[in-house]
Amino acid sequence: MEFRLIDRIRERTAQGREDVRLGIGDDAALVAPPAGQDLAIAIDTLVEGVHFPLGTAPADIGWKALAVNLSDLAAMGASPAWALLALTLPRQENDALRSFIDGFAEGFARLAQPHRLALVGGDTTRGPLAVSVAVHGFVPPGQALVRSGARAGDAVLVTGTLGDAAAGLALWQRGARVDEGDGRAAYLIERLHRPTPRLAAGLALRGRASACIDVSDGLLADLGHLCEQSGLGAEIEAPLLPFSPMLLGAFDGEVARDFALAGGDDYELCFTVPPARVAEVQGDLARLGCGATHIGRMVEGDGVRVRDGLGQWLETARRGWDHFAP
Ligand code: ADP
Ligand code: MG
């Protein structure tokens, strides 16, 4: 049975890559890393009820499990190549199992294919629904976008828009779904279930961004990590935060700001560049379609401070989604 499931996954995610010597089916995969490149490796787990809500479509789970990992590669400036998939599946009827696998593999493949990512192996076990994906990518030595390279005075930028996914989750929890209701709710829920990893932006930032992180747990928490690793603080101007028209159509500005600062799941890139390079980098990311907004700057000190339009510092006690918060 399990082998048939694995066959279904293999057929649906097939991706020809010359550097895969041996893919799914043996005791281990064999791959040929390119000479002269560093390997960038990351793994992330999604647990039902924690990282995606109950009732999430299998195809959305497949997409998101890969997307959150590709986002980590994007944040390193790496280009993706191979993935491993560990699936923990609840005991269920064969039909239900097959339909879950088919949907999951379709969502996974839809994101994997345009990035030429090959699924080369994995593991399948019984238990409460959980999905781990490990990804491998390449980056030229010395060019990875680390969190620790920011300098005082660097500009802080963020790709795309913030807060959409947290808004999507709020709407989902109120019963909204993509195929019913208005287009705003559909857009925001899609941003929750089908985040877009900013891989092209990550490549464009190689050799230019001084530091970079992907925003998975809200801007305060993730920019906070970048600050900590760089030994600096950051000052953010709340009126500059980029919001989608769909978010501002569905929620008022203060709620949108909270979603952006303390919500999660946006998978945009937050990065720093010397002030003299802001315009050039913004031009390049605009051409790539996601754009980048200048939201603040790095300063001596520590922590992230946010100023409102009147110049008042906001109370930012809510530090984003913390899995280990009491
Ligand atoms: P082993 O007992 O040697 O680990 P498995 O039965 O776990 O073998 O796996 C058989 C083959 O199928 C291996 O090549 C493994 O990488 C692959 N595989 C297992 N589960 C998955 C999965 N969920 N996705 C992709 N490949 C998988
Ligand atoms: Mg195994």
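Atoms within each ligand, like the ligands themselves, are counted from 1 in listed order.
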| field | Other residues, nucleotides, ligands: >12 heavy atoms within 6.0 Å of D302 CG | value | no
| ligand 1 versus D26, non-hydrogen atoms closer than 4.0 Å: side chain, backbone, both, neither? | backbone
| query | Does L85 approach ligand 1 within less than 4.0 angstrom via side chain, backbone, both or neither, non-hydrogen atoms only? | reply | both
| message | Pairs of nitrogen or oxygen atoms closer than 3.5 Å, one from I24 and one from ligand 1: do any exist? | response |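 By distance alone, the answer is no.
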| task | Could you tell me whether L119 and ligand 1 have an N or O pair separated by under 3.5 Å? | result |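 L119 vs ligand 1: no N/O contact under 3.5 Å.
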| request: Could you tell me which atoms of ligand 1, counted from 1 in the order shown, lie closer than 4.0 angstrom to a heavy atom of D27? | output: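 Answer, ordered by atom number: 3 (O).
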| request: Identify, by atom number and element, the atoms of ligand 1 in contact range of D123, meaning under 4.0 Å from any of its heavy atoms. | output: 7 (O), 19 (C), 20 (N), 21 (C), 22 (C), 23 (N)
| Does a salt bridge link D7 with R4, judged by any charged N lying under 4.0 Å from a carboxylate O? | no
| Does the side chain of D19 come under 3.5 Å of the side chain of W82 through a donor N or O and an acceptor N or O? | yes
| message | Less than 3.5 Å apart, any donor N or O on the side chain of T88 or T125 sitting next to an acceptor on the other? | response |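 Their side chains do contain a donor-acceptor pair, which is all the 3.5 Å distance test asks for.
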| message | Please check this pair: side chain of R17 against backbone of R116, looking for a donor-acceptor N/O pair closer than 3.5 Å. | response |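 At least one qualifying donor-acceptor pair exists.
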